[in-house]
There are 2 protein chains.
Amino acid sequence: MTPEAADATATGTVTDTATGTVLLAGIFSGDLEEAWQEIQPDTARRLLIAAVEAFAARGFHATTTRDIARGAGMSPAGVYVHYRSKEELLHQITLIGHRHTLRLVREVSASVSGPTRQLHAVIRDLTTWHARHHTTTRVIEYELHSLSPEHHTAILALRREIDGLVRQILEDGVGQGVFEVPDVPTTTLALLSLSVDVARWYHTPARHSEERLGQLYADLALRMVGSEPLP
Amino acid sequence: MTPEAADATATGTVTDTATGTVLLAGIFSGDLEEAWQEIQPDTARRLLIAAVEAFAARGFHATTTRDIARGAGMSPAGVYVHYRSKEELLHQITLIGHRHTLRLVREVSASVSGPTRQLHAVIRDLTTWHARHHTTTRVIEYELHSLSPEHHTAILALRREIDGLVRQILEDGVGQGVFEVPDVPTTTLALLSLSVDVARWYHTPARHSEERLGQLYADLALRMVGSEPLP
DNA sequence: GTCTATAGTAAGATAGAC
DNA sequence: GTCTATCTTACTATAGAC
C-alpha cells in the first residue's frame, strides 16, 4: 500500500492510490450513503459502491474484478487506476464502515445521559444502521477473513473499541444498580450479536421499517440487562 | 446429482455418488461429530471433514478442491470419486447440519413441558451446539449463498421449520400468559440470532465452556420474552 | 484516466493407467 | 478406488496505445 492509502487509518481521510486525490473527507458526518457521495473522483466512488454490492451479494472471493468494473461501467483494467487490488477495495469498505459504526456508538452514547437511555439509544441506532445499510454491513461484518493479516488486525482493534464502549455502558448500569447482569462481557457480546446478525437476515421488503426494528431491539436489550423499560 | 444422492433429502440417508455405499445411517442419534464417524467409506468421511474445516476457515469460494484433497490425504482427483463437485460437499455438510439442528430443537422441545422450560432448554442446547461445533455451524449458517439454487431452496425450507418450532413456543407462552412479547416473529428471529451468531465469534480457548454459554444465553432468552427465570 | 489486449497463474473437473 | 497428468476455463493484474 502507498503511504497515501496507509494514511487512511491515521488521518481519517482516504486518498486515491494513483492520483493522490482525496477520496473521503467529512465521512464522519452524516450516514454512510452520504459518505460514499463524498468519494472523489466519480469513478473511484462508483467502483467502491459496485464492490459493496457485489461483495454483499456473492461474497468477496466469488466476486471478480470484472464484476466490479462492470458494475461501475468500466473496463476490467479501470479498477487498478483507483485501487491497487481487490483486497484494497474490501479494506476501504471495511475501514469506512467500522469507523462509521464506532463513531455512531460514541456519539449516540454521548447524546443521552444514564446507562438505560444510553443502551437503548445505542442498540436502537446500531440496529437501524445494520438494517438500513444491510448491504454494506453484510460486507463489513462477514468478509473480515478476506482481509490481509495487517488490515484484519487493524479492523479488529476498531471492533474492540466498539465492544468496549458498549461494555462500559453495562458496567455503569450495574454500578448504578439500574442493570442486573450476571456476566457483563458475555452480555455485551450477545447485545452486539443481535444488531450484527441483522445484516445477515434483513432484506427489503421487510416486516418492519429499519427504525421500528431498532426500537424493538432496543426494548429487548433493556430486558436482557434486567432494566426497567424506558418510560 | 444422481438419484442416490438426491435420496438424501427424502430418506435421511446419504449415499456415495459413485459407489452407492450408504454414507450416513443413524445420523440422527448422537451429536454431529459422531455422525461424521458414521460416514463410510473412510475416504468420503475424511473428505467431508476436511471440507468442513477448510470452508469454516477460508469460506467456500476461497477453498480449493486441492485444499480439501490435501486435508483428506488424497490426490485432487480423489475428491470426485466420492462427490460430484465442490458444491455437493457443501450441500451434504449443510443438509446434515440443518437436519441435526431441526432434530435438536424438536427433541429438546418435546423433552420438557411448558413454554418456559421449553424455550430455556431449546436456546441452551442450540447455543451449546453452535459453540461446540462452531466449525460446522459456521459453514452451515454462513455459506448458504454458495449452494445451487435448488439446494438453497431446500435448506431454507428446513430453516423455516426450525423457526416455526421456536415461534410456536413463544405463541404458547403468550397464550398461557407466562410470556409477554409485543412481536412474536421478530422476537423469534432475535432469539435465533443469538445462537446463530455464536458460530461467528466463538472460538477456543473461550471465556466459557459451551454448556455455560448455553446456560447464560437461555437465561437471556427468558428475559427477552418477559418470563420469570426458572427456579 | 480509460481503453484493448494479454501475460501469468490457478482453479474445477476429467481421462486413462494401474 | 486412487493415482498422475492434463484439459479447459477464468481469474487477477499489467503493458502499452490513445
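In the text below, chain A, chain B and the rest are named by the order of the sequence lines, each starting its count at 1. This is a predicted model, so every value here is computed, not measured.
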What's the closest nucleotide to the side chain of B:His82 if the choices are D:dT14, C:dT2, D:dT2?
D:dT2
Value in whole Å for how far the C1' atom of D:dT14 lies from NZ of A:Lys86
17 Å
Rounding to an integer number of Å, can you tell me how far A:His61 NE2 sits from C:dA10 P?
13 Å
A:Glu87 CD - D:dA13 C1' separation (whole Å)
15 Å
Rounded to whole Å, the CZ-C1' distance (A:Arg70 to C:dC3) equals 17 Å
Any idea how A:His91 and A:His151 line up, ring-wise: parallel (<30°), tilted (30 to 60°), or perpendicular (>60°)?
parallel
Side-chain donor/acceptor of B:Tyr83 to backbone N/O of B:Ala44, under 3.5 Å:
yes
What is the distance, rounded to the nearest whole Å, between atom CG of B:Leu47 and atom P of D:dT2?
8 Å
Euclidean distance, atom CZ of residue B:Arg66 to atom C1' of D:dA5 [Å, nearest integer]:
11 Å
Using salt bridge (Lys or Arg N to Asp or Glu O under 4.0 Å), reason through A:Asp163 and A:Arg160 one step at a time and then give a plain yes or no.
CA-CA 5 Å; A:Asp163 184 272; A:Arg160 267 190 298 276; over 6 Å; no
Between A:Thr64 and A:Asp67, does a side chain to side chain contact (heavy atoms under 4.5 Å, CB included) hold up when you go through it step by step?
CA-CA 5 Å; A:Thr64 70; A:Asp67 293 333; 3.1 Å; yes
Can you tell me how far CG of B:Asp197 sits from OH of B:Tyr217, rounded to the nearest 0.5 angstrom?
7.0 Å
Just how far, in rounded Å, is C1' of D:dC11 from CZ of A:Arg58?
14 Å
Is there a side-chain contact between B:Thr65 and the phosphate of C:dA11, meaning an N or O under 4.0 Å from OP1 or OP2?
no
What nucleotide, of C:dA15, C:dT2, D:dA13, holds the atom closest to the side chain of A:Ser85?
D:dA13
So, is B:Thr64 close to the C:dA10 phosphate, meaning a side-chain N or O under 4.0 Å from OP1 or OP2?
no
May I ask you to evaluate whether A:Tyr80 reaches the phosphate of D:dA13, defined as a side-chain N or O under 4.0 Å from OP1 or OP2?
yes
Find the distance B:Glu88:CD to C:dG12:P and express it as a whole number of Å.
15 Å
Testing D:dT2, D:dC3, C:dT2 for proximity to the side chain of B:Ser75, the answer is D:dC3
